[in-house]
Amino acid sequence: MAAIHCIQALRFPSGTHVFFPNGDQNRYNIINKKQRGFLVFASADKNSVKEIYIKSKVETLLDSVKWDDKGLAVGIAQNIDTGAILMQGFVNRDALATTVSSKKATFFSRSRSALWTKGETSKNFINVHDIYLDCDRDSIIYLGKPDGPTCHTGSETCYYTSVSDLLENEEVDENK
């Protein structure tokens with residue numbers, strides 16, 4: 001027999017009618033003024049309780065980020081082994097939530113207005129080990145391990161162009 005774990009109990013005033021399903025889609029139990037005014041949400045599965053708890057914590061995290069007026073924050077991917085900054089993109093609530101759950105660096109494409117996971121085309125995913133927020137909570141670092149080159153040019157990182165080299169030389173090796 002599975003144990004039932006109480007998640008939350010809600011108390012309703014005695015005059016309140018509350019409807020909730022009773023297994024059959026056409027039948028509902030009703031809490032009316034003659035019955036006690038408590039509704040208890042319960043689960044027989046410990047994993048469900050943990051999942052609800054984690055979703056609640058993720059929502060709190062998402063609410064704490066200072067999203068810009070378009071609902072975005074800067075997202076930076078950094079190599080956990082070398083410390084190299086791999087790439088920068090933009091993140092919205094869904095991208096951050098997807099990254100938390102999938103452990104794959106996910107961003108929001110402003111040009112396509114859609115989520116994209118780094119590596120979905122190239123198979124060079126960035127496997128996220130941890131996520132950091134800056135002190136202002138408006139910038140996010142995905143600390144992870146890339147499966148291969150991060151840049152679409154084939155470079156390990158998108159940051160291979162030195163400004164000093166650009167200023168000193170007319171020609172610069174664009175793929176160090």
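Ile131 approaches Val100 most closely through the heavy-atom pair CD1-CG2, 3.8 Å. Listed here is the closest heavy atom pair of Met87 and Cys158: CB-SG, 3.9 Å. Residue Thr117 comes nearest to Lys104 through the heavy atom pair CG2-CB, 3.6 Å, listed as atom of the first residue, atom of the second, then distance. When all heavy atoms of Ile126 and Ala77 are compared, the pair lying nearest together is CD1-CB, 3.6 Å. For the pair Gly148 and Asn124, the tightest heavy-atom approach, listed with the atom from each and the gap, is CA-OD1, 3.6 Å.
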Verdict with supporting geometry, Lys70 and Asn92, side chain to side chain contact (heavy atoms under 4.5 Å, CB included): CA-CA 9 Å; Lys70 294 178 182 169; Asn92 65 5; over 6 Å; no

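Residues Val128 and Lys145 fail the side-chain proximity criterion, which asks for heavy atoms closer than 4.5 Å. Side-chain contact check for Thr161 versus Leu166: some heavy-atom pair is nearer than 4.5 Å.
Of the possible donor and acceptor atoms, one in the side chain of Thr60 sits under 3.5 Å from a partner among the backbone N and O of Ser56. A donor-acceptor distance shorter than 3.5 angstrom exists from the side chain of Asp134 to the backbone of Asp138, with no hydrogens or angles considered. At distances below 3.5 Å, not a single donor-acceptor pair connects side-chain atoms of Asn79 with backbone N or O atoms of Gly83. Ser155 places no side-chain N or O within donor-acceptor distance of the main-chain N or O of Cys151, the cut-off being under 3.5 Å.
Checked against side-chain hydrogen bond (donor to acceptor under 3.5 Å, both in side chains), Asp147 has the following partners two or more places apart in sequence or in another chain: Asn127. Residues forming a side chain to side chain contact (heavy atoms under 4.5 Å, CB included) with Gln88 (at least two apart in sequence, or on another chain): Val74, Ile76, Phe90, Tyr159. A search for side chain to side chain contact (heavy atoms under 4.5 Å, CB included) contacts involving Ala73 returns Val65, Trp67, Ile140, not counting sequence neighbours. By the side chain to side chain contact (heavy atoms under 4.5 Å, CB included) test, Ser64 is found to be paired with Leu61, Leu133, Arg137, residues two or more places apart in sequence or in another chain being considered. Contacts of Phe107 classified as ring pair (Phe, Tyr, Trp, His ring centres under 6.0 Å), with partners at least two apart in sequence or in another chain: Trp116, Tyr142.
Hydrophobic clustering (side-chain heavy atoms under 4.5 Å, transitive across Ile, Leu, Val, Met, Phe, Trp, Tyr) keeps Leu143 apart from Leu86. Using a 4.5 Å cut-off between side-chain heavy atoms of Ile, Leu, Val, Met, Phe, Trp and Tyr, with links allowed through other members, Val91 and Tyr132 fall into different hydrophobic clusters.
The salt bridge (charged side-chain N to carboxylate O under 4.0 Å, His left out) contacts involving residues 108-125 comprise nothing, where partners must be two or more places apart or lie in separate chains.
In summary, Lys55 and Glu51 engage in a salt bridge, as defined by a charged side-chain N under 4.0 Å from a carboxylate O.
With 3.5 Å as the limit, one finds no donor-acceptor pair spanning the side chains of Thr150 and Thr157.
We find the NZ-OG1 distance between Lys103 and Thr98 to be 12.5 Å, quoted to the nearest 0.5 Å. Taking CD1 of Ile141 as the start and CD1 of Ile80 as the end, the distance is 12.0 Å to the nearest 0.5 Å.
Within a 6.0 Å radius of NE2 in His152, no more than 12 heavy atoms belonging to other residues, nucleotides or ligands are found.
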